[in-house]
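Note sheet for the following structure.
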Amino acid sequence: MIIQLNETSDPRLDDYLRLTDVNLRKKLETDRGLYMAESTKVISRAVEAGHSPRSFLTSEKWLPGLEPWVEKATGAKDGAEVPVYVAPEAVLEDITGFKVHRGALAAMNRPELMDVEELLRTARGGKPARRVVILEALVDHTNVGAIFRSCAALGVDAVLVTDDSADPLYRRAVRVSMGTVFQVPWTRIHDWPHSITRLREAGYITAALALREESIALDEFAALPQIAAEDSRVAFILGTEGDGLKRRTIANADYSVVIPMAGHVDSLNVAAASAVACWELRIRN
């Protein structure tokens, strides 16, 4: 149902309040089992992935572009039983804490995460994942979103996220990813790095991206027969923005890998490094 609003105090808008307050959003979205999709493009990708909306919030200007996705998600252009809130842009800004310049927002029901083994077994359209990226302790939502976008663009089949990493469904991560967090299957991997054994048992060669003297160059690693093989399964581990990977992680991985640098640069930003690694380790046949 389309509901016209002209004030910010309506309690039905609580899902959208203070979207820029990270601590508030973590609690609110966890308690309510929701995440926020921002922009018609992101909403469309969430709907295409089969996620269900709690409500939509937009202005009159952007409503026509949103309606096809409201209809696809709910079966009705007006949302049927799902509220479609329409308000002036100034009201939207008061509610959210920022200028809603991307057209629309949607409060989406957060899907239940799959078990790690099930995800790895089915990530590639019901077939096992061949290329997996693991995010260890990444706390910057922008980096998380950028990595998901690289993974989607460069053929990574699945992403595993440790418990101390940022939420891939947080608004900024979703926005930076351009909604590709809905395209690349992902889940949380618990008890990391001890759970690296779950990957080995599933047949994956694990590689830690780390600045170590003993690290093998990325291109050399990609050329190894067991990596270049058509049926190879590789899990590539990326570490936190500041300190990199934990020592235990590096010690437990099958390989330590480094991207060779020039110009007196010792390393790349983790999001940039992920793109390089995803490209080099892509399936070539």
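These numbers come from a predicted model, not from an experiment.
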For a side chain to side chain contact (heavy atoms under 4.5 Å, CB included) check, start with the C-alpha distance between C151 and S274, then their side-chain angles and the critical distance, and finish with the verdict. CA-CA 8 Å; C151 289; S274 74; 6.0 Å; no

For the residue pair Y255 and S215, confirm or rule out a side-chain donor-acceptor distance under 3.5 Å.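 The criterion, which ignores hydrogens and geometry beyond distance, is not satisfied for S215 and Y255.
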
Under a plain distance cut-off of 3.5 Å, with no hydrogens placed, do T249 and E136 share a side-chain donor-acceptor pair?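 The answer is yes; a qualifying pair exists.
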
Would you mind reporting whether [Y] and [X] have side-chain heavy atoms less than 4.5 Å apart?
| X | Y | value |
| --- | --- | --- |
| H190 | V116 | no |
| I196 | R248 | no |
| L13 | L5 | yes |
| V70 | D78 | no |
| P168 | F148 | yes |
| V86 | I3 | no |
| L113 | W186 | yes |
| S232 | R131 | yes |

Does the side chain to side chain contact (heavy atoms under 4.5 Å, CB included) test come out yes or no for V161 and W192, once each step is laid out? CA-CA 10 Å; V161 184; W192 184 263; over 6 Å; no

Any carboxylate oxygen within less than 4.0 angstrom of a Lys/Arg side-chain nitrogen, looking at [X] and [Y]?
| X | Y | result |
| --- | --- | --- |
| R171 | E38 | yes |
| R172 | D167 | no |
| D164 | K246 | yes |
| D254 | R200 | yes |

Within the side chain of [X], is there an N or O that forms a donor-acceptor pair under 3.5 Å with the backbone of [Y]?
| X | Y | result |
| --- | --- | --- |
| S256 | A253 | no |
| S177 | T180 | yes |
| T162 | A137 | yes |
| D140 | N143 | yes |
| T187 | M114 | yes |
| R282 | W279 | yes |

Heavy-atom count check: over 12 atoms from other residues, nucleotides or ligands less than 6.0 Å from E112 CD?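 12 or below, so no.
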
According to the interplanar angle, ranging from 0 to 90°, do the rings of F182 and Y35 count as parallel (below 30°), tilted (30 to 60°) or perpendicular (above 60°)?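 Because their plane-to-plane angle lies in the 30° to 60° range, the rings of F182 and Y35 count as tilted.
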
Relative to the ring of F236, is the ring of F221 parallel (under 30°), tilted (30 to 60°) or perpendicular (over 60°)?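 F221 and F236: tilted rings.
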
From [atom1] ([X]) to [atom2] ([Y]), nearest 0.5 Å:
| X | Y | atom1 | atom2 | value |
| --- | --- | --- | --- | --- |
| R54 | D15 | CZ | CG | 4.0 Å |
| T74 | M1 | OG1 | CE | 10.5 Å |
| R284 | E230 | CZ | CD | 13.5 Å |
| I227 | R233 | CD1 | CZ | 13.0 Å |
| S165 | R188 | OG | CZ | 6.5 Å |
| D191 | R198 | CG | CZ | 8.5 Å |

Could you pull out the closest heavy-atom pair between [X] and [Y], with the gap in Å?
| X | Y | result |
| --- | --- | --- |
| V257 | A217 | CG1-C, 4.3 Å |
| G79 | V84 | CA-CG2, 4.1 Å |
| L238 | L138 | O-CD1, 3.8 Å |
| I250 | R212 | CD1-NH2, 3.3 Å |
| M108 | A37 | CG-CB, 4.0 Å |
| F56 | A106 | CD2-CB, 3.7 Å |

Indicate if [X] and [Y] have the same hydrophobic cluster label, given that clusters are the connected sets of ILVMFWY residues with side-chain heavy-atom separations under 4.5 angstrom.
| X | Y | result |
| --- | --- | --- |
| M36 | L92 | yes |
| I259 | V270 | yes |
| V133 | L218 | yes |
| V234 | L209 | yes |
| V276 | M261 | yes |

Go through I205 and L199 one step at a time and tell me if the side chain to side chain contact (heavy atoms under 4.5 Å, CB included) criterion holds. CA-CA 8 Å; I205 298 169; L199 291 153; over 6 Å; no

Evaluate E89 against K61 for side chain to side chain contact (heavy atoms under 4.5 Å, CB included), listing each step before the verdict. CA-CA 9 Å; E89 293 187 6; K61 172 184 176 182; 3.9 Å; yes

Of the options R45, E48, K41, which is the one that meets W69 in a side-chain contact (heavy atoms from CB on, under 4.5 Å)?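 Only one option passes, and that is E48.
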
As a test of understanding, state which of V159, D157, L120, L119 forms a side-chain contact (heavy atoms from CB on, under 4.5 Å) with P185.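 Of all the options given, the one that passes is L119.
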
